Amino acid sequence: MNRLISIDIAKAICIILVVIGHYNPDNAPEWYHTINLFIYTFHMPLFMFASGYVYAATIGNLRGGGEFLYKKFKRLMIPYFSTSIIIISIKLLTQQRMLVENPVTYLSYFKMFYLPEAGFFLWFIWALWLIFLLVAAVRSKAGQVVLFAISLCVTFLPIEWPEIFCINFAIRMLKYFMLGIILNEYPRWTEIGKKSAGNYSRLRIACIVHL
């Protein structure tokens with residue numbers, strides 16, 4: 001329970017970082033722009049990692065993949081479609097009178113079913129939904145390890161993945177999600193990592209003292 005609470009706290013921090021990362025006015029001081037760029041280097045990978053960790057910790061409470069996907073569809077896609085309709089409608093009403101980022105057309109009501117048409121920032125919902133579809137089909141530990149290995153390999157493939165359904169972002173974020181699953185399913189790896197880090201720190205201290 002304590003481990004899940006820690007991950008939930010990490011997810012909350014990630015959400016705050018996402019909000020901060022998307023607020024970057026031109027008249028902000030230089031130090032704020034620097035912090036904003038730094039946040040962008042890790043906030044979404046960390047969010048995906050936390051999501052994968054929570055998924056692995058709670059998947060045992062679900063009766064089946066169908067039930068899991070149904071719940072995720074209600075939590076992700078229903079709010080996505082509702083929010084997209086609202087944002088597109090507001091843009092259509094205001095973009096003729098004021099400057100609107102990423103202008104839309106009436107066709108956007110259709111395109112939102114396969115692209116984050118209301119706003120680019122909604123890409124992560126499509127990516128997370130596609131990842132959930134994939135991992136729901138791979139429930140065994142061996143299959144998860146294989147999927148994690150594949151997610152690492154495809155990162156280095158010189159392929160332009162399609163933008164439709166934000167497949168390109170889903171593939172980019174899959175390895176972080178799978179890393180969260182693996183570290184939950186195999187906590188011994190985490191302990192080995194902690195011991196290795198501790199040994200490395202002690203070795204550095206010994207070298208410094210010797211010099």
Side-chain angles (χ1 to χ4, degrees), residues 7-8 10-24 39-56 58-59 62 65-92 100-139 144 147-148 150-157 159-181:
I7 292 297
D8 286 338
K11 290 180 69 175
I13 293 174
C14 288
I15 292 174
I16 295 173
L17 292 176
V18 169
V19 174
I20 295 175
H22 280 88
Y23 180 72
N24 190 22
I39 290 174
Y40 253 88
T41 61
F42 70 88
H43 70 303
M44 288 312 300
L46 181 59
F47 181 83
M48 290 294 178
F49 166 80
S51 298
Y53 193 96
V54 173
Y55 164 83
T58 58
I59 191 63
L62 298 174
E67 178 188 9
F68 167 76
L69 292 177
Y70 174 69
K71 289 183 177 180
K72 289 302 178 183
F73 185 85
K74 289 197 302 181
R75 293 188 62 181
L76 288 175
M77 303 312 296
I78 296 299
Y80 162 78
F81 291 128
S82 302
T83 302
S84 295
I85 291 174
I86 293 173
I87 294 177
I88 292 173
S89 299
I90 292 175
K91 285 186 175 183
L92 287 173
V100 172
E101 187 176 358
N102 300 320
V104 297
T105 65
Y106 286 102
L107 187 61
S108 299
Y109 287 116
F110 171 74
K111 295 172 68 176
M112 72 177 188
F113 288 98
Y114 59 89
L115 287 172
E117 187 69 10
F120 179 74
F121 61 91
L122 293 173
W123 66 263
F124 79 94
I125 297 181
W126 275 113
L128 196 57
W129 170 242
L130 292 183
I131 290 174
F132 280 135
L133 286 175
L134 181 60
V135 298
V138 183
R139 301 289 291 274
Q144 291 170 350
L147 184 57
F148 177 49
I150 293 175
S151 69
L152 292 176
C153 292
V154 297
T155 302
F156 303 100
L157 294 178
I159 298 176
E160 290 291 335
W161 301 101
E163 296 181 1
I164 186 172
F165 302 118
C166 296
I167 293 175
N168 52 341
F169 286 105
I171 292 175
R172 188 184 305 174
M173 292 292 139
L174 179 60
K175 55 182 175 293
Y176 304 112
F177 190 96
M178 294 307 303
L179 179 61
I181 292 178

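Since we're looking at a predicted model, the values are computed, not measured.
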To the nearest 0.5 angstrom, please state how far the CD1 atom of Ile150 sits from the CG atom of Leu174. 9.0 Å

Nearest-0.5 Å distance, OH of residue Tyr176 to CD1 of residue Ile131: 11.0 Å

Aromatic ring proximity, centroids under 6.0 angstrom, Tyr106 and Phe110: no

Should the pair Phe132 and Tyr55 be assigned to parallel (<30°), tilted (30 to 60°) or perpendicular (>60°) ring geometry? tilted

Val135 and Met178 have their tightest heavy-atom pair at CG1-SD, 3.7 Å

Is a donor on one side and an acceptor on the other found under 3.5 Å between the side chain of Lys72 and the backbone of Trp129? no

Taking all non-hydrogen atoms of both residues into account, name the closest pair between Trp123 and Pro116 and its distance. N-CB, 3.9 Å

Report the residues that fulfil side chain to side chain donor-acceptor pair (under 3.5 Å) with Ser151, sequence neighbours left out, ordered by chain and then residue number. none

Between CD on residue Gln144 and CZ on residue Phe148, distance to nearest 0.5 Å: 11.5 Å

To the nearest 0.5 Å, atom CD1 of Ile181 lies from atom CZ of Phe49 at 10.5 Å

Show me the donor-acceptor pairs within less than 3.5 Å that the side chains of residues 76-89 make with the rest of the protein, sequence neighbours left out.
| from | atom 1 | to | atom 2 | distance (Å) |
| --- | --- | --- | --- | --- |
| Tyr80 | OH | Met112 | O | 2.6 |
| Tyr80 | OH | Leu115 | O | 2.8 |
| Tyr80 | OH | Trp126 | NE1 | 2.9 |
| Ser82 | OG | Ile78 | O | 2.9 |
| Thr83 | OG1 | Pro79 | O | 2.7 |
| Ser84 | OG | Tyr80 | O | 2.8 |
| Ser89 | OG | Ile85 | O | 2.7 |
| Ser89 | OG | Tyr109 | OH | 2.7 |

What's the separation between atom CD1 in Ile39 and atom CE in Met44, rounded to the nearest 0.5 Å? 13.0 Å

Take a 6.0 Å sphere around CZ of Phe42 and say whether it holds more than 12 heavy atoms from other residues, nucleotides or ligands. yes

Any chance you could lay out the side chain to side chain contact (heavy atoms under 4.5 Å, CB included) test for Glu67 and Tyr70, step after step, and finish with the verdict? CA-CA 5 Å; Glu67 178 188 9; Tyr70 174 69; 5.7 Å; no

With sequence neighbours left out, write down each residue that passes side-chain contact (heavy atoms from CB on, under 4.5 Å) with Ile167, or none if nothing qualifies. Leu130, Pro162, Ile164, Phe165, Ile171

All heavy atoms of Lys91 vs all of Asn102, minimum pair found to be NZ-O, 3.1 Å

Starting at CG of Leu179, measure out to CE of Met48 and round the result to the nearest 0.5 Å. 13.5 Å

